[in-house]
**Q** 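Would you mind keeping the following structure in view while I ask a few things?
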Amino acid sequence: MASVSLRKIYKKYPGGVVAVSDFNLEIRDTEFVIMVGPSGCGKSTTLRMIAGLEEITEGELYIGDRLVNDVAPKDRDIAMVFQNYALYPHMTVYENMAFGLKLRKTPKDEIKRRVEEASRILDIEHLLDRKPKALSGGQKQRVALGRAIVREPKVFLLDEPLSNLDAKLRAQMRTELSKLHHRLKTTFVYVTHDQTEAMTMGDRIVVMKDGFIQQVDSPTNLYLKPCNLFVAGFIGSPQMNFINCELVEESGGLYCRFGSEDQKDRRGIKFDIRIPESKLKQADLKEYIGKEVIMGIRPENVHDEEHYLMEMTDGIIEADVEVAELMGAETYLYVNCEGQSFTARVSPNTISRPGDHIRMALDTSKILLFDKETEETIVC
């Protein structure tokens with residue numbers, strides 16, 4: 001077992017391309033850390049630097065107490081699981097799992113013990129005599145994990161290992177990986193672009209954008225207290241709604257106002273969303289009065305049912321329903337309110353249908369405010 005420490009890590013390519021900038025992260029022993037972000041944000045490059053497959057341009061990388069910048073990948077005591085499995089097609093499952101140990105001249109009895117133990121953990125004992133072409137995608141993924149487990153490394157590195165699987169199998173393997181982590185009690189560093197994987201498996205999540213860390217936090221804190229507009233929009237499915245509005249002061253209260261100027265048209269109205277006292281205590285908003293800010297609210301905090309409309313009178317709006325998607329346990333309403341589109345996650349029993357002009361209630365206790373210039377969070 002080992003901690004991983006990345007200190008002021010940079011990765012620069014010829015031509016001045018900077019893939020990773022000033023990356024600082026302390027990964028605790030046995031922690032499950034997930035790096036997430038859009039394609040090209042530098043997460044896989046960072047993982048490959050930990051593995052030794054990419055050279056570090058600047059900074060220091062420690063595994064445990066050992067500086068490993070110049071240590072060969074095979075000597076770092078890590079195991080990496082790739083997106084494409086990388087199994088040897090001419091070898092059986094047993095031979096694939098044992099191959100790395102044979103290269104290290106591990107005794108045959110020890111190889112047998114480790115392979116059998118790993119196959120038992122992964123429930124692939126019945127597949128040991130098969131070759132990769134006779135395996136499903138999920139089975140290949142388990143073999144790839146087994147090949148990593150038999151090495152008994154200090155750190156597991158996983159680079160989008162579930163992206164080739166179908167949705168149902170991906171959900172199943174997420175559960176299996178979480179169980180595996182608890183069973184092995186080893187440090188896991190996992191890269192994905194799928195925020196659902198990040199939210200369901202990680203002890204902590206590292207959100208990246210353009211080579212920079214945006215926020216490192218628990219899944220709950222990332223969801224409830226994002227540090228900026230990018231994190232707020234990236235974490236959560238469907239993503240958070242963002243509404244451009246003006247912060248105004250009226251009757252001793254602060255409101256987020258948005259809408260059109262035309263009062264003659266039925267749709268030309270302004271809506272005032274009152275900011276509750278609990279939010280006002282978080283920050284001094286006086287400097288933003290009369291200025292544009294961005295209001296954020298998650299789809300599950302937008303309601304169309306009558307009892308919400310009666311209770312949440314500080315956040316009533318009107319909107320036109322454009323699309324209604326029944327998802328089984330819930331319905332997604334895609335609506336347009338004064339030219340601003342957003343999503344509501346409502347009861348499957350909703351009577352709202354495409355073409356309807358409806359009233360909706362925003363749960364003002366759940367709104368967030370962002371600075372329009374810096375995109376930093378003002379109130380969450």
**Q** By side chain to side chain contact (heavy atoms under 4.5 Å, CB included), which residues pair with Ala232, not counting sequence neighbours?
**A**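 Per chain and number, Ala232 pairs via side chain to side chain contact (heavy atoms under 4.5 Å, CB included) with Pro226, Met240, Phe242, Phe370.
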**Q** Under the 4.5 Å side-chain heavy-atom rule for ILVMFWY, direct or indirect, which residues accompany Val248?
**A**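 Hydrophobic cluster check, Val248: joined to Tyr255.
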**Q** Indicate the atoms forming the closest heavy-atom contact of Phe32 with Leu177, along with that distance.
**A**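 Taking every non-hydrogen atom into account, CE1-O, 4.3 Å.
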**Q** For Phe342, enumerate each residue passing the ring pair (Phe, Tyr, Trp, His ring centres under 6.0 Å) test, keeping only those at least two apart in sequence or located in another chain.
**A**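 Phe342 satisfies ring pair (Phe, Tyr, Trp, His ring centres under 6.0 Å) with no residue once adjacent residues are dropped.
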**Q** Establish, yes or no, whether a centroid distance under 6.0 Å links the rings of Phe99 and Tyr88.
**A**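 Yes, close enough.
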**Q** If every non-hydrogen atom of His357 is compared with every non-hydrogen atom of Asp320, which pair is closest and at what distance?
**A**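 So the minimum-distance heavy-atom pair works out to ND1-OD1, 2.8 Å.
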**Q** Report the residues that fulfil side chain to side chain donor-acceptor pair (under 3.5 Å) with Ser5, sequence neighbours left out, ordered by chain and then residue number.
**A**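 Applying side chain to side chain donor-acceptor pair (under 3.5 Å) to Ser5 gives Arg7, Glu26.
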**Q** If you measure from the Lys or Arg side-chain nitrogens to the Asp or Glu carboxylate oxygens, is any gap between Lys131 and Glu95 under 4.0 Å?
**A**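 Between Glu95 and Lys131 there is no salt bridge, as every charged N stays at least 4.0 Å from the carboxylate O atoms.
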**Q** Residues in side chain to side chain donor-acceptor pair (under 3.5 Å) with Tyr85, at least two apart?
**A**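 In terms of side chain to side chain donor-acceptor pair (under 3.5 Å), with neighbours along the sequence ignored, Tyr85 is linked to no residue.
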**Q** Could you tell me whether a side-chain N or O of Lys366 sits under 3.5 Å from a main-chain N or O of Asp363, the two making a donor and an acceptor?
**A**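 Not at all, since once roles are kept as given, no pair shorter than 3.5 Å links the two residues.
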**Q** Check Met201 against Arg174 and note the closest heavy-atom contact, atom names and distance.
**A**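 Reported closest heavy-atom pair: SD-O, 3.5 Å.
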**Q** Measuring only between side-chain heavy atoms, which start at C-beta, is Thr187 closer than 4.5 Å to Lys154?
**A**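 Side chain of Thr187 against side chain of Lys154, heavy atoms only: no contact under 4.5 Å found.
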**Q** Return the set of residues passing side chain to side chain donor-acceptor pair (under 3.5 Å) with Thr46 (not counting sequence neighbours), or none when no residue passes.
**A**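 Applying side chain to side chain donor-acceptor pair (under 3.5 Å) to Thr46 gives none.
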**Q** Give a yes-or-no answer on whether the side chains of Tyr190 and Glu160 include a donor-acceptor pair shorter than 3.5 Å.
**A**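 The answer is no; no qualifying pair exists.
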**Q** According to the side chain to side chain donor-acceptor pair (under 3.5 Å) rule, which pairs have a member within residues 228-242, sequence neighbours left out?
**A**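 Passing the test, one end in residues 228-242: Gln214-Asn228.
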**Q** Looking at Met97 and Arg147, what are the two nearest heavy atoms and their distance?
**A**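 Nearest heavy atoms, Met97 then Arg147: CG-N, 4.0 Å.
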**Q** Quick check against the 3.5 Å criterion: does Arg170 have a side-chain atom that pairs as donor or acceptor with the backbone of Leu165?
**A**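 Side chain of Arg170 to backbone of Leu165, a donor-acceptor pair under 3.5 Å: yes, one is there.
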**Q** Let me check something: any side-chain donor-acceptor pairs from residues 117-129 under 3.5 Å, sequence neighbours excluded? List them with distances.
**A**
from, atom 1, to, atom 2, distance (Å)
Glu117, OE1, Arg113, NH1, 3.0
Ser119, OG, Val115, O, 3.1
Ser119, OG, Glu116, O, 2.9

**Q** Evaluate whether atom CD1 of Ile351 has more than 12 neighbouring non-hydrogen atoms of other residues, nucleotides or ligands under 6.0 angstrom away.
**A**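 Count not over threshold, so no.
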**Q** When Ile, Leu, Val, Met, Phe, Trp and Tyr are grouped by side-chain heavy atoms lying under 4.5 Å apart, directly or through other members, which residues fall in the same group as Val323?
**A**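 Answer for Val323: Met327, Tyr332, Tyr334.
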**Q** Can you pull out every side chain to side chain donor-acceptor pair (under 3.5 Å) where at least one residue sits in residues 370-380? Sequence neighbours excluded, please.
**A**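 Qualifying pairs: Tyr288-Asp371, Glu292-Lys372.
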**Q** Glu318 and Arg359: salt bridge (charged side-chain N to carboxylate O under 4.0 Å, His left out), yes or no, with the steps?
**A** CA-CA 4 Å; Glu318 294 180 26; Arg359 296 172 72 235; 5.4 Å; no
**Q** Considering only NZ, NE, NH1 and NH2 on the basic side and carboxylate oxygens on the acidic side, decide whether Lys291 and Glu246 come within less than 4.0 Å.
**A**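 A salt bridge is absent here (no side-chain N lies under 4.0 Å from a carboxylate O).
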**Q** Between Glu110 (side chain) and Pro107 (backbone), is there a donor-acceptor pair under 3.5 Å?
**A**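 A pair under 3.5 Å: no.
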**Q** Please lay out, stage by stage, how Asp194 and Thr192 fare under the test side chain to side chain donor-acceptor pair (under 3.5 Å).
**A** CA-CA 5 Å; Asp194 185 338; Thr192 182; 5.3 Å; no
**Q** Any cation-pi pair here, Lys11 with Tyr13, using under 6.0 Å and within 45°?
**A**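 The answer is yes; both the distance and angle limits are met.
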**Q** Does any donor atom in the side chain of Asp159 or Ser44 lie under 3.5 Å from an acceptor atom in the other side chain?
**A**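 Looking only at side-chain atoms, Ser44 and Asp159 do form a donor-acceptor pair, the distance falling under 3.5 Å.
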**Q** Is there a side-chain contact between Val335 and Glu322 (heavy atoms, below 4.5 Å)?
**A**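 Not in contact.
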**Q** Could you tell me which residues satisfy side chain to side chain donor-acceptor pair (under 3.5 Å) with Ser163, sequence neighbours excluded, listed by chain and number?
**A**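 With neighbours one apart ignored, the set is Gln83.
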**Q** Specify the closest pair of heavy atoms between Arg66 and Asp75, including all atoms of both residues, with the distance to one decimal.
**A**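 Where Arg66 meets Asp75 most closely, the heavy atoms are NH1-O, 2.9 Å.
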**Q** In the hydrophobic clustering that connects Ile, Leu, Val, Met, Phe, Trp and Tyr at side-chain heavy-atom distances below 4.5 Å, which members other than Tyr308 occupy its cluster, ordered by chain and number?
**A**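 Reading the cluster by chain and number, Tyr308 sits alongside Met312.
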